[in-house]
Engineer: 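Got a structure for you, questions after.
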Amino acid sequence: MPNRWAAHTAGFFGHYTYTDVLGPRLVGVPIVIPMMWFALTYSGYVISNLIVWQSPVDGAPGLGNAAMLSFLAAMIVTAFDLGADPYFVYTLKAWIMAKTDGAWFGETVQGFFGWVFVAFVIIFSFRMSVRKLALRPTSPFLRRHALVPLAIYASGMVFQMLLGNPVEIRSIAPFAMGIPLLCALAGFQRWRAMAEAAA
């Protein structure tokens with residue numbers, strides 16, 4: 001049940017009402033929400049680079065590459081939402097959806113479209129802003145740094161596997177999130193091996 005601090009929101013994700021569960025907010029949105037989006041989109045950006053370019057940084061310029069990689073990253077981000085939305089709605093009660101008859105544990109197609117679209121716009125904008133930057137040389141710091149977004153994404157997967165609600169989420173998470181994560185880890189291993197061979 002929303003309290004007096006609830007904020008009614010409508011947009012790409014459909015109509016919903018924030019409760020006070022997620023804490024302090026700015027312009028009606030809990031501060032933790034943009035922080036979550038930053039962590040997820042950055043993770044999706046690095047994971048998609050590792051899958052395609054076998055490097056944590058952008059491998060090539062160009063609108064076509066940027067669009068394709070941004071869409072892949074947006075799908076990786078949305079894979080997290082397969083388990084996150086049901087948990088946030090039914091367990092945490094962080095927000096209340098106006099429409100609760102969606103086919104995915106109450107989530108609607110519009111909600112997933114919203115996740116893909118917003119993640120795509122964020123990641124594509126970032127790719128465009130760095131497309132002319134020279135690739136940084138590999139270094140021990142960069143190799144450790146590249147593991148941070150993988151760890152963030154993996155922790156989300158493990159959390160959903162252990163505490164996902166409804167319980168079906170616990171068996172979906174290792175496939176939806178585990179497949180891109182394993183592909184990214186394979187890309188990371190090859191990138192590290194090539195860097196060490198070149199050193």
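Residues take their numbers from the sequence shown, with the count starting at 1. A quick note: this is a predicted structure, and the numbers were derived from the prediction, not measured.
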Engineer: Same cluster or not: are Phe175 and Leu72 linked, directly or through other Ile, Leu, Val, Met, Phe, Trp or Tyr residues, by side-chain heavy atoms under 4.5 angstrom apart?
Structural biologist: no
Engineer: Rounded to the nearest 0.5 Å, what separates atom OH in Tyr90 from atom CD1 in Ile169?
Structural biologist: 10.5 Å
Engineer: For side-chain contact (heavy atoms from CB on, under 4.5 Å), just list the numbers for Leu63 and Phe124, CA-CA rounded to whole Å, side-chain angles, deciding distance to a tenth of an Å, and then say yes or no.
Structural biologist: CA-CA 9 Å; Leu63 286 175; Phe124 183 77; 3.9 Å; yes
Engineer: Are Asn49 and Pro56 packed together at the side-chain level, in the sense that at least one heavy-atom pair is separated by less than 4.5 angstrom?
Structural biologist: no
Engineer: Where is the tightest heavy-atom contact between Trp104 and Leu82, given as atom of each residue plus distance?
Structural biologist: NE1-O, 2.8 Å
Engineer: Please check: side-chain N/O of Ser70 versus main-chain N/O of Ala67, any donor-acceptor pairing under 3.5 Å?
Structural biologist: no
Engineer: Mind checking whether Leu92 and Val29 sit in one hydrophobic cluster, side chains of I, L, V, M, F, W, Y counted as touching below 4.5 Å?
Structural biologist: yes
Engineer: More than 12 non-hydrogen atoms from neighbouring residues, nucleotides or ligands closer than 6.0 Å to CZ on Phe38, yes or no?
Structural biologist: no
Engineer: Would you indicate whether Met36, at its atom CE, is surrounded by more than 12 heavy atoms from other residues, nucleotides or ligands within a distance under 6.0 Å?
Structural biologist: yes
Engineer: Rounded to the nearest 0.5 Å, how far apart are OG of Ser55 and CZ of Arg192?
Structural biologist: 14.5 Å
Engineer: Closest approach of Tyr153 and Phe80, non-hydrogen atoms and distance?
Structural biologist: OH-N, 4.1 Å
Engineer: Is it true that a side-chain atom of Tyr45 and a backbone atom of Phe126 form a donor plus acceptor pair closer than 3.5 Å?
Structural biologist: no
Engineer: Whether the side chain of Thr19 engages the backbone of Ala94 through a donor-acceptor N/O pair (distance < 3.5 Å, no angle test) should be reported.
Structural biologist: yes
Engineer: Membership question, hydrophobic clusters at under 4.5 Å side-chain separation (ILVMFWY): are Ile152 and Leu162 in the same one?
Structural biologist: no
Engineer: Might you work through the side-chain contact (heavy atoms from CB on, under 4.5 Å) test for Val118 and Trp37, ending with a clear yes or no?
Structural biologist: CA-CA 9 Å; Val118 172; Trp37 272 99; 3.9 Å; yes
Engineer: Identify whether Ile76 and Phe159 are in the same connected component of the hydrophobic contact network (ILVMFWY, side-chain heavy atoms under 4.5 Å).
Structural biologist: yes
Engineer: Under the side chain to side chain contact (heavy atoms under 4.5 Å, CB included) rule, collect the residues that match up with Thr78, sequence neighbours excluded.
Structural biologist: Phe112, Trp115, Val116
Engineer: Check step by step if side-chain contact (heavy atoms from CB on, under 4.5 Å) holds for Val89 and Tyr16.
Structural biologist: CA-CA 10 Å; Val89 170; Tyr16 56 96; over 6 Å; no
Engineer: Where do Ala146 and Val46 come nearest, in terms of heavy atoms and distance?
Structural biologist: O-CG1, 4.1 Å
Engineer: In terms of relative ring orientation, are Phe188 and Trp191 parallel, tilted or perpendicular, with 30° and 60° separating the classes?
Structural biologist: tilted
Engineer: Given side-chain contact (heavy atoms from CB on, under 4.5 Å), test Val77 with Ile122 step by step and report yes or no.
Structural biologist: CA-CA 11 Å; Val77 170; Ile122 293 170; over 6 Å; no
Engineer: Using every non-hydrogen atom in the two residues, find where Pro30 and Gly28 come nearest and quote the distance to one decimal.
Structural biologist: CD-O, 4.0 Å
Engineer: So which of Thr17, Val21, Leu22 actually passes side-chain contact (heavy atoms from CB on, under 4.5 Å) with Trp95?
Structural biologist: Leu22
Engineer: In Å and rounded to the nearest 0.5 Å, what is the OG to CE distance from Ser43 to Met177?
Structural biologist: 8.5 Å
Engineer: State, to 0.1 Å, how close Pro180 and Ile47 come at their nearest heavy-atom pair, and which atoms those are.
Structural biologist: O-CG2, 3.8 Å
Engineer: Please report the shortest heavy-atom distance between Asp20 and Arg25, naming the atom on each side.
Structural biologist: CA-NH2, 3.8 Å
Engineer: Assigning hydrophobic clusters by single linkage (Ile, Leu, Val, Met, Phe, Trp, Tyr; side-chain heavy-atom cutoff under 4.5 Å), is Tyr18 placed with Ile31?
Structural biologist: no
